[in-house]
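Indexing begins at 1, ligand by ligand and atom by atom, following the structure's order. For the single chain, residues carry numbers from 1 onward in sequence order.
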Amino acid sequence: MSEPIAVEPVVEAARLDAADPLAPLRARFVLDDAVYLDGNSLGALPAAVPDRLAEVVRREWGELRIRSWTEAGWWTAPERIGDRIAPLVGAAPGQIVVGDSTSVNVFKALVAAIRLAGEERDEVLVDATTFPTDGYLAASAARMTGRTLRPLPPEAIAAEAGPRTAAALVNHVDYRTGRLNDLPGITAALHAAGALAVWDLCHSAGALPVGLDEHGVDLAVGCTYKYLNGGPGSPAYLYINRAVQGGFDSPLPGWNGHREPFGMRPEFAPAEGALRGRVGTPDILSMLALEAALEVWDGVGIEAVRAKSLALTDFFLRRVAAEVPAGLVESLTPAAHAERGSQVALRCADAGKVMAELIARGVIGDFREPDVLRFGFTPLYTSFTDAYTAARTLGAVLAP
Ligand SMILES: Cc1ncc(COP(=O)(O)O)c(C=O)c1O
Ligand SMILES: Nc1ccccc1C(=O)C[C@H](N)C(=O)O
């Protein structure tokens, strides 16, 4: 029997790219020769955005002016764009509004969840490994509402939720390690305890299926500037499950969330449905840039995105193992597909300096304290050749 012929890794990468059904989508983005693995911080620019934004400024702002609130659909943009995001996170229409930052939406969602849970539930759980803003806001929400905050590792939340628990705020994918938390299981356990589930989807939306409706998530928030490519500071979104919309009592009841915003009434009366999650005047330029950015999803299914994401991170992990001498890096990202988001986090000595050197050589990832190299894989535009080049460059930096 003849030995199997070992395929050169660069050839393997090229073959994987040639067989990739999503490969043509890269042309929908503005990219250069750099290997861009930072879409989990700031997604690349979709090619349709600059012209659309110029049109919004020149025609809608410059010429139509105030008429654009109605004639150009500005006023209804938060719910219209929410409905555009909905299929990507497994939500039926009418449950998502776009606006404000993720931080502000975390506050709205968590306080509303505490209010929905009722007075007798006096503790709030929060993912102890969370991106800091969620932890800060959860502490303030708990303090304001007179509840006790209990930070827990996400894998402990299901078992610890009990009759005192009002709600838990959990990240779907951990920003540092790339671990994918068990959204269906944790949500079901919270519900069994009579508590509400609030999920932060920043690092999962646009990278993998979320299934908000299917799993009965109560409330969720996420940013749009990572895997949804909405641009720097693009508005975040708030999902309010239809089942809890009637009881959603916003801690930020601004006039945009009023049943009759132009009624100019002294008393607040919430709008029907997810609209009550709106606060003030939407940030139209960012919002319409996001709307144009979402066109890259036309005809793209999130299942195909997930399949490519896993193939990319598998291939990258394999190439890192081959290119980097043993012991120099340690993957913090779970090997099991069921526990992996769309990034690879490698612990490494002098990670800050190593990332600076990678960037100098055209491989853009990021460094997170204290010792983590983070590589984000955006299936819409990252190629297997990018993954190959990144691993090879890392090998060259660490073992010159
Ligand atoms: C999990 C998570 N939540 C929240 C944020 C940020 O919130 P904001 O969009 O308000 O800056 C980030 C990243 O910036 C994040 O990774
Ligand atoms: N919004 C930003 C603005 C500037 C620099 C980074 C960010 C990030 O989004 C960081 C990201 N949330 C992270 O997971 O580290």
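Per-residue contacts place Asn171 under 4.0 angstrom from the following atoms of ligand 1 (heavy atoms of the residue considered): 1 (C). Atom numbering of ligand 1 starts at 1 in the shown order; those under 4.0 Å from a heavy atom of Ser101 are 10 (O). Below 4.0 Å from some heavy atom of Asp134 lie the following atoms of ligand 1, by number and element: 3 (N), 4 (C). Near Thr133, with a cut-off below 4.0 Å to any heavy atom, the atoms of ligand 1 are 4 (C), 7 (O).
Note: Tyr227 OH to Ser342 OG = 4.5 Å, rounded to the nearest 0.5 Å. Rounding to the nearest 0.5 Å places NZ of Lys308 at 7.5 Å from CG of Leu380. Distance check, rounded to the nearest 0.5 Å: CG of Leu190 to CD of Glu160 gives 11.5 Å. Of the inter-residue distances, the one linking Lys226 atom NZ with Leu228 atom CG reads 10.5 Å to the nearest 0.5 angstrom.
Considering both main-chain and side-chain atoms, Tyr175 never comes within under 3.5 Å of ligand 1 through any nitrogen or oxygen pair. For ligand 1, the polar-atom distance check finds an N/O of His203 within less than 3.5 Å of one of the ligand's N/O atoms.
Closest to atom 11 (O) of ligand 1, if we only count protein heavy atoms, is Tyr225 OH, 3.5 Å. Counting only heavy atoms of the protein, atom 3 (N) of ligand 1 lies nearest to Asp200 OD2, 2.8 Å. The nearest protein atom to atom 7 (O) of ligand 1, hydrogens excluded, is given as Thr102 CB, 3.4 Å; this is a heavy-atom distance.
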Give one line per pair: atom of ligand 2, protein atom, distance. Only N/O to N/O under 3.5 Å.
| residue | atom | partner | partner atom | Å |
| --- | --- | --- | --- | --- |
| ligand 2 | 1 (N) | Tyr225 | OH | 3.2 |
| ligand 2 | 9 (O) | Lys226 | NZ | 2.8 |
| ligand 2 | 12 (N) | Lys226 | NZ | 2.6 |
| ligand 2 | 14 (O) | His203 | NE2 | 2.8 |
| ligand 2 | 14 (O) | Arg374 | NH1 | 2.8 |
| ligand 2 | 15 (O) | Arg368 | NE | 2.8 |
| ligand 2 | 15 (O) | Arg368 | NH2 | 2.8 |
| ligand 2 | 15 (O) | Arg374 | NH1 | 3.3 |
| ligand 2 | 15 (O) | Arg374 | NH2 | 3.4 |

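In this structure, Leu310 stands alone, with no Ile, Leu, Val, Met, Phe, Trp or Tyr side-chain heavy atom under 4.5 Å from its own, directly or through other members.
Residue Ser103 touches ligand 1 through backbone and side chain together, judged by heavy-atom distances below 4.0 Å. When non-hydrogen atoms are compared, ligand 1 lies under 4.0 Å from neither the backbone nor the side chain of His172.
Arg26 contributes no side-chain N or O that, together with a main-chain N or O of Thr382, makes up a donor-acceptor pair within less than 3.5 Å. Of the possible polar contacts, none joining the Asp17 side chain to the Ser383 backbone as a donor-acceptor pair under 3.5 Å is found.
Aromatic ring centres of Trp199 and Tyr239: separated by at least 6.0 Å.
Across Leu328 and Leu398, no two heavy atoms sit closer than the pair CD1-O, 3.8 Å.
Heavy atoms from other residues, nucleotides or ligands lying under 6.0 Å from CZ of Arg392 number 12 at most.
Of the options Thr145, Leu252, Asp249, a side chain to side chain contact (heavy atoms under 4.5 Å, CB included) to Val111 is made by Thr145 and by none of the others.
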